[in-house]
Amino acid sequence: MNKNEKFVITINREVGSGGRTVGRKLAEKLGVKYCDKAIVEGLTHKFGLSIERIEEIKAQKKSWWKDINNYYNTLVSSAALPMEAEVKLDNKTMFETEKRILQEIAAQTSCVVAGRTGFMVFRTWPNHLNIFIQASMEHRVKRIMQRQNVTEQKARDIIAKLDADRETYIQKYEDTSRYDARNYQLVLSMDDLTEDGAVDVIMSYINSMSK
């Protein structure tokens, strides 16, 4: 990946690893947009987006990206998730719509995408970097206990459910596993890294690729 050209970085992560925070800090360090579930769902609800609606907006209004970009900035700054134009989509359509939204954003500007099956969406994208962030079960349990103020057993239950749900979701649409290292250019363990330390490692890797 060349950081001097338009790029997209995807962050797939295990729950409790701190990967979402790493993704946000990485985007800030690079000075690019950060996209996660809340952002994509916020855009979907605000604009009533479906694949067909995205194409209509693009065809009828040349400033569609400016409108979405302005709202994106508002959404990020306010951490809001508005529902004024909520659209009901089945799972398959939602997957395709989210994929299209992410690709439209990446086509306009460099960005870091956390979750949202980004490693699948952008695996053939020019100038991309797929990263997987993991951690030991002990690390993940401890972090969830602290952040969500739950018992150890509750933390383990949360991890087990989300791990299973995410793997099932991936396999529903692609013949692969989110744990297959071949899907990524860089895999990091957070056991001996702080979130800022992980960002430093990623930046070193990116800088080595950009020379």
Side-chain angles (χ1 to χ4, degrees), residues 1-3 7-40 102 106 110-125 127-211:
M1 190 199 85
N2 185 349
K3 70 175 182 179
F7 62 81
V8 58
I9 298 174
T10 73
I11 306 284
N12 198 0
R13 76 270 183 249
E14 292 184 309
V15 60
S17 68
R20 184 184 297 275
T21 302
V22 171
R24 188 177 67 251
K25 286 176 174 283
L26 179 63
E28 292 172 356
K29 188 89 168 182
L30 290 165
V32 302
K33 289 193 178 298
Y34 169 76
C35 301
D36 63 11
K37 179 179 180 180
I39 298 301
V40 174
L102 290 174
S110 295
C111 58
V112 174
V113 177
R116 314 316 299 161
T117 64
F119 76 95
M120 294 190 302
V121 172
F122 295 106
R123 62 184 175 184
T124 61
W125 201 260
N127 204 33
H128 77 280
L129 172 63
N130 289 342
I131 301 171
F132 185 60
I133 296 180
Q134 60 184 16
S136 66
M137 182 60 70
E138 180 182 3
H139 179 99
R140 298 166 70 193
V141 168
K142 182 178 179 180
R143 191 170 188 274
I144 289 178
M145 288 175 65
Q146 292 173 341
R147 293 177 68 87
Q148 299 191 27
N149 192 28
V150 296
T151 64
E152 177 179 346
Q153 186 56 55
K154 179 62 175 177
R156 290 183 180 276
D157 290 344
I158 290 171
I159 290 171
K161 183 178 188 308
L162 288 177
D163 279 354
D165 288 349
R166 289 175 178 177
E167 181 69 0
T168 299
Y169 188 77
I170 294 296
Q171 294 184 350
K172 181 176 181 179
Y173 298 107
E174 298 287 343
D175 184 21
T176 188
S177 167
R178 62 197 296 265
Y179 300 107
D180 189 338
R182 292 172 295 185
N183 289 316
Y184 314 98
Q185 287 77 49
L186 183 63
V187 178
L188 289 181
S189 171
M190 294 296 293
D191 284 17
D192 298 313
L193 285 174
T194 64
E195 292 156 354
D196 288 329
V199 171
D200 289 341
V201 171
I202 296 170
M203 288 299 300
S204 295
Y205 182 79
I206 292 171
N207 288 333
S208 71
M209 297 172 68
S210 298
K211 293 179 180 179

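As the structure is a prediction and not an experimental result, all values here were calculated from the model. Computed from heavy atoms alone, side chains included, the values below leave out hydrogens, waters and symmetry copies.
Taking CG from Leu162 and CZ from Arg166, the interatomic distance works out to 5.0 Å, rounded to the nearest 0.5 Å. A distance of 9.0 Å separates CE of Met209 from CG of Leu186, quoted to the nearest 0.5 Å. Atom CG of residue Leu26 and atom CG of residue Leu30 lie 4.5 Å apart, to the nearest 0.5 angstrom. Atom CD1 of Ile170 is separated from atom CG of Asp180 by 11.5 Å, given to the nearest 0.5 angstrom.
Using cut-offs of 30° and 60° on the angle between ring planes, the pair Tyr184 and Phe119 is tilted.
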Given the rule in the side-chain contact (heavy atoms from CB on, under 4.5 Å) test, do Asp36 and Arg20 qualify, once you have shown the distances and angles that lead to the verdict?
-> CA-CA 8 Å; Asp36 63 11; Arg20 184 184 297 275; 3.1 Å; yes
Criterion side-chain contact (heavy atoms from CB on, under 4.5 Å) on Ile9 and His128, from CA distance to verdict = CA-CA 6 Å; Ile9 298 174; His128 77 280; over 6 Å; no
Using the side-chain contact (heavy atoms from CB on, under 4.5 Å) rule, take Thr10 and Ile131 through it: C-alpha gap first, then chi angles, then the decisive distance, then the call.
-> CA-CA 6 Å; Thr10 73; Ile131 301 171; 5.9 Å; no
side-chain contact (heavy atoms from CB on, under 4.5 Å) between Met1 and Ile206, intermediate numbers included = CA-CA 7 Å; Met1 190 199 85; Ile206 292 171; 3.5 Å; yes
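Scanning all heavy atoms of the two residues, the minimum distance from Ile11 to Val112 falls at CG1-CG1, 3.9 Å. When every heavy atom of Cys35 is checked against every heavy atom of Leu102, the shortest pair comes out as CB-CD2, 4.1 Å. The nearest pair of heavy atoms linking Ala181 to Val187 is CB-CG2, 4.5 Å. The nearest pair of heavy atoms linking Tyr34 to Arg24 is CE1-N, 3.4 Å. In plain terms, the two heavy atoms of Lys33 and Ala27 that are nearest each other are O-CB, 4.0 Å. Minimum interatomic distance between Arg140 and Val15 (heavy atoms only, all atoms of both residues): NE-O, 2.8 Å.
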Side chains of residues 190-199: which donor-acceptor partners sit under 3.5 Å, not counting sequence neighbours?
{"unit_1": "Asp191", "atom_1": "OD1", "unit_2": "Ser136", "atom_2": "N", "d": "2.9"}
{"unit_1": "Asp191", "atom_1": "OD1", "unit_2": "Ser136", "atom_2": "OG", "d": "3.4"}
{"unit_1": "Asp191", "atom_1": "OD2", "unit_2": "Ser136", "atom_2": "OG", "d": "2.9"}
{"unit_1": "Thr194", "atom_1": "OG1", "unit_2": "Gly197", "atom_2": "N", "d": "2.9"}
{"unit_1": "Glu195", "atom_1": "OE2", "unit_2": "Arg143", "atom_2": "NH2", "d": "2.7"}
{"unit_1": "Asp196", "atom_1": "OD1", "unit_2": "Lys25", "atom_2": "NZ", "d": "3.2"}

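In this structure, Ser17 contributes its side chain and Arg13 its backbone to no donor-acceptor pair below 3.5 Å. In this structure a side-chain-to-backbone donor-acceptor pair under 3.5 Å is missing from Gln134 to Glu14. No donor-acceptor distance shorter than 3.5 angstrom exists from the side chain of Asn12 to the backbone of Phe132, with no hydrogens or angles considered. Checked by atom type and distance alone, the side chain of Ser110 pairs as donor or acceptor with a backbone atom of Phe7 at under 3.5 Å.
Under the ring-ring contact (aromatic ring centres under 6.0 Å, His included) criterion, Phe122 pairs with Trp125, not counting sequence neighbours.
Using modelled atom types, one finds a donor on one side chain and an acceptor on the other under 3.5 Å when comparing Asn207 with Lys3.
Legend: side-chain hydrogen bond (donor to acceptor under 3.5 Å, both in side chains) pairs involving residues 153-162, not counting sequence neighbours, sorted by first then second residue: Glu152-Arg156, Gln153-Asp157, Lys161-Asp165.
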